[in-house]
Amino acid sequence: MIKRTSCNFSIEQICESGQCFRMTRIEENKYAVVAQGKYLELEQKEEEIIFHCSEDEYTHVWERYFDFNTDYKQFIESVTNKDEYLYRAVQFGKGIRILEQDIWEIIISFIISQQNNIKRIRKCIETLCETYGEKKYTAEGKLYYDFPTVSALANATEEELRACNLGYRSKYIVNTANSIKRNEVDLESLKCMSYRAARETLMRLSGIGEKVADCICLFSLHHLDTFPVDTHIRKVLEQYYPKGFPYDTYMGYNGIIQQYIFYYDLKGGDR
DNA sequence: ATACAGGTCTTAA
DNA sequence: TTAAGACCTGTA
């Protein structure tokens, strides 16, 4: 059990910000996440965060996963009330972090996310993991399911995947899984590419367009300047930034700014 | 009932 | 190059 303190870190906000679909609240101030093949429970009281894992696992897995060594204060303070809407959005969601998640899991998760709502995305992914993922137990005997491997999904048929209520996305998933299995797109080399190259490469995969590719770049490849434009962001841009969003002002971290906006539009009740 | 959810693909001009 | 239209499913 590891205790850490950090400002501008809210597990609740990270959980609700729609970038990780396998993090859930299990009690008041207590959350669980399955990632990197592991199950982690964590609690938060004020600025104190308790990780229920070994020191070794914390430093090798979760510190990086939660982007714990990046100081988000600089980003938050760069947004002044000269931009009233953005200031409200950032103040509302300033506990959000951009996670660094597994590339394969994020590819499949955000193919599923298209034309879908977050509640159903979670349900689809849960079903997919229970059907095709490895069954595991924690040291305390808690059951959880890994995210399915590339082979597990490549070997499934479109009809079988449709049984997980994935709808028309089933075909995209089978195609993409097979492309990756055949190494037509190499996941490791994606990690070394520039944003432009990675995005272009990702878009060769079935079911991945500009928006999903951007989500993968932001939530997995950690290209923090990536600004995915979905239906929420599009509406905000039309209403508050009819002359264009000031990307230059937030050079290098537009993706973080995007996530504050997304979360505020989703949960903030503004507009 | 009809519209909409963190869009993409196909087809046609 | 751009613009319809189709596409699974659950919820309001």
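To find a chain, count down the sequence lines: A is the first, B the second, and so on, and within it residues start at 1.
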Practice task
Decide, yes or no, whether a salt bridge links A/E159 with A/R162 under the criterion of side-chain N to carboxylate O below 4.0 Å.
Solution key: no
Problem - Residues A/R182 and A/E184 bridged, charged N to O under 4.0 Å - result: yes
Give me the ring orientation class for [X] and [Y]: parallel if the planes are under 30° apart, tilted from 30 to 60°, perpendicular past 60°.
| X | Y | answer |
| --- | --- | --- |
| A/Y250 | A/F245 | tilted |
| A/W62 | A/F66 | tilted |
| A/F227 | A/Y247 | perpendicular |

Could you check whether [X] gets within reach of a base, just the sugar-phosphate, or nothing at all, counting any heavy atom under 4.0 Å?
| X | value |
| --- | --- |
| A/S17 | base |
| A/L205 | sugar-phosphate |
| A/R162 | sugar-phosphate |
| A/Q259 | base |
| A/G207 | sugar-phosphate |
| A/F219 | base |
| A/I121 | nothing |

Atom-pair distance ([atom1] on [X]; [atom2] on [N]), nearest Å:
| X | N | atom1 | atom2 | value |
| --- | --- | --- | --- | --- |
| A/H232 | B/dC4 | NE2 | P | 13 Å |
| A/Q115 | B/dC9 | CD | C1' | 13 Å |
| A/R169 | C/dA6 | CZ | C1' | 13 Å |
| A/E16 | B/dG6 | CD | P | 13 Å |
| A/N116 | B/dG7 | CG | C1' | 10 Å |
| A/F110 | B/dT8 | CZ | P | 12 Å |
| A/K211 | B/dA5 | NZ | P | 12 Å |
| A/K171 | B/dC9 | NZ | C1' | 9 Å |

Could you list, one pair per line, each protein nitrogen or oxygen that sits under 3.5 Å from a nitrogen or oxygen of nucleotides 10-12 of chain C, together with the distance?
none

Exercise for the section: Can you run down the ring pair (Phe, Tyr, Trp, His ring centres under 6.0 Å) pairs that involve residues 192-216 of chain A, sequence neighbours left out, and say none if there aren't any? Expected result: none
Counting C-beta onward and ignoring hydrogens, is there a side-chain heavy-atom pair between [X] and [Y] closer than 4.5 Å?
| X | Y | answer |
| --- | --- | --- |
| A/R199 | A/D214 | yes |
| A/R234 | A/E238 | yes |
| A/Q44 | A/F9 | yes |

Exercise for the section: Please confirm whether any donor atom in the side chain of A/Y168 sits under 3.5 Å from an acceptor in the base of B/dG7, or the reverse. Expected result: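 Donor-acceptor pair under 3.5 Å: yes.
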Handout entry: Which atom of A/T5 lies closest to which atom of A/E48, heavy atoms considered
Key =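 It is CG2-CA, 4.2 Å.
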Exercise for the section: Between A/C215 and A/M203, name the one whose nearest nucleotide on DNA chain B is closer to the 5' end. Expected result: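 It is A/C215, whose closest nucleotide lies nearer the 5' terminus.
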Exercise for the section: Would you write the dot-bracket representation of DNA chain C, where each base gets (, ), [, ], | or . depending on whether it forms a Watson-Crick or G-U pair under 3.5 Å and with which partner? Expected result: |||||||.||||
Suppose you measure atom [atom1] in [N] against the same atom in [M]; what distance do you get, rounded to whole Å?
| N | M | atom1 | result |
| --- | --- | --- | --- |
| B/dT11 | C/dC8 | P | 15 Å |
| C/dA4 | B/dG6 | P | 24 Å |
| B/dA1 | C/dA12 | C1' | 11 Å |

Problem - Candidates B/dG6, B/dC9, B/dA5 - which lies nearest the side chain of A/Y172 - result: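 For A/Y172, the side-chain atoms sit closest to B/dC9.
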Practice task
For B/dA5, take OP1 and OP2 only and decide whether either is under 4.0 Å from a side-chain N or O of A/T231.
Solution key: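 So the side-chain polar atoms of A/T231 do come within 4.0 Å of the phosphate oxygens OP1 or OP2 of B/dA5, strictly under.
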Practice task
Give a yes/no answer on whether the side chain of A/K235 brings an N or O atom under 4.0 Å of OP1 or OP2 in B/dA5.
Solution key: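 Checking B/dA5 against A/K235, a side-chain N or O does come within under 4.0 Å of OP1 or OP2.
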Handout entry: Geometric cation-pi criterion, A/R4 with A/Y58: 6.0 Å, 45°
Key = yes
Problem - Whether A/F262 stacks on the six-membered ring of B/dG6 base, 5.5 Å and 30° limits - result: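 By the stated criterion, A/F262 and B/dG6 stack.
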